[in-house]
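Structure record follows, encoded as structure tokens.
Letters A, B, ... mirror the listed sequences (proteins, then strands); counts begin at 1. From a predicted model like this one, the values you see are computed outputs, not experimental measurements.
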Amino acid sequence: MNKVKTMNPRNDSIYPISVVMNMTNLSARQIRYYETHGLIKPARSKGNQRLYTPADVENLLLIKSLLDKGLNLDGIKAIMNGPKPVETATTTAASPTAPLFNPQRPGVPKLTSLYPVNNQEALNDLLKHKHK
DNA sequence: CTTCTTACA
DNA sequence: TGTAAGAA
């Protein structure tokens with residue numbers, strides 16, 4: 001019942017430039033232009049034909065939106081090959097030491113302390129006072 | 001017929 | 001960026 005249509009072992013979804021044009025609403029000129037500027041790198045077929053992957057289309061879409069936001073090709077280029085979301089994160093994170101819990105089963109006699117190592121100092125202090 | 005390259009506007 | 005010409 002199922003019609004397997006051209007299911008080759010190497011079937012990467014690729015589109016010719018015409019399809020990409022319809023998907024991105026960009027002109028062939030623009031698509032090729034962005035390629036010369038290194039924003040996309042579509043593979044080539046035997047006849048030197050451009051083969052666009054879905055990833056390429058996504059990039060084109062991103063380029064389009066970024067372009068619309070007022071950036072130039074060089075700026076977009078910088079963004080694309082650098083996972084740096086321009087964030088001056090002043091993350092004063094005080095060590096995200098996740099307080100992991102020890103999955104101790106009921107009946108284990110080797111229970112010395114079930115408190116996070118983080119509070120060991122405070123615990124000792126408390127015990128000291130109590131023991132006094 | 002579709003796409004590619006080069007080149008001019 | 002659009003478009004023309006000639007080749008593939």
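- For residues 63-74 of chain A, the set of pairs meeting the salt bridge (charged side-chain N to carboxylate O under 4.0 Å, His left out) definition, not counting sequence neighbours, is empty.
- Residues satisfying the side-chain contact (heavy atoms from CB on, under 4.5 Å) criterion with A:Leu62, sequence neighbours excluded, are A:Ser65, A:Leu66, A:Met80.
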Compile the donor-acceptor pairs under 3.5 Å between side chains in residues 24-31 of chain A and protein atoms, sequence neighbours left out, one pair per line.
{"unit_1": "A:Thr24", "atom_1": "OG1", "unit_2": "A:Val20", "atom_2": "O", "d": "2.7"}
{"unit_1": "A:Thr24", "atom_1": "OG1", "unit_2": "A:Leu26", "atom_2": "N", "d": "3.3"}
{"unit_1": "A:Ser27", "atom_1": "OG", "unit_2": "A:Gln30", "atom_2": "N", "d": "3.2"}
{"unit_1": "A:Ser27", "atom_1": "OG", "unit_2": "A:Gln30", "atom_2": "OE1", "d": "3.1"}
{"unit_1": "A:Gln30", "atom_1": "OE1", "unit_2": "A:Ser27", "atom_2": "N", "d": "2.9"}

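- The side chain to side chain donor-acceptor pair (under 3.5 Å) search around A:Asn48 returns A:Arg44, not counting sequence neighbours.
- Between the CZ atom of A:Arg32 and the P atom of B:dT6 there is a distance of 12 Å, rounded to whole Å.
- As rounded to whole Å, 9 Å separates atom P of C:dT1 from atom NE2 of A:His37.
- Taking each heavy atom of A:Leu71 and A:Gly75 in turn, the nearest pair found is CD2-C, 4.4 Å.
- For residues 38-63 of chain A, the set of pairs meeting the ring-ring contact (aromatic ring centres under 6.0 Å, His included) definition, not counting sequence neighbours, is empty.
- A:Ser18 pairs by the side-chain contact (heavy atoms from CB on, under 4.5 Å) definition with A:Pro16, not counting sequence neighbours.
- Partners of A:Lys41 by side-chain contact (heavy atoms from CB on, under 4.5 Å), not counting sequence neighbours: none found.
- Nucleic acid contact for A:Tyr34: sugar-phosphate only, since backbone atoms but no base atoms lie under 4.0 Å from a heavy atom of the residue.
- Residues from residues 16-25 of chain A with heavy atoms under 4.0 angstrom of DNA chain B, sorted by number: A:Pro16, A:Ile17, A:Ser18.
- Within residues 56-71 of chain A, no residue has any heavy atom closer than 4.0 Å to DNA chain B.
- Among residues two or more places apart in sequence or in another chain, the side chain to side chain donor-acceptor pair (under 3.5 Å) test is passed with A:Glu58 by none.
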For nucleotides 2-8 of chain C, read 5' to 3', which letter fits each nucleotide if B means a protein heavy atom sits under 4.0 Å from the base, S means only the sugar-phosphate is that close, and - means neither? BB-----
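- In terms of the side-chain contact (heavy atoms from CB on, under 4.5 Å) criterion, residue partners of A:Ser13 (sequence neighbours excluded) are, by chain and number, A:Tyr15, A:Pro54.
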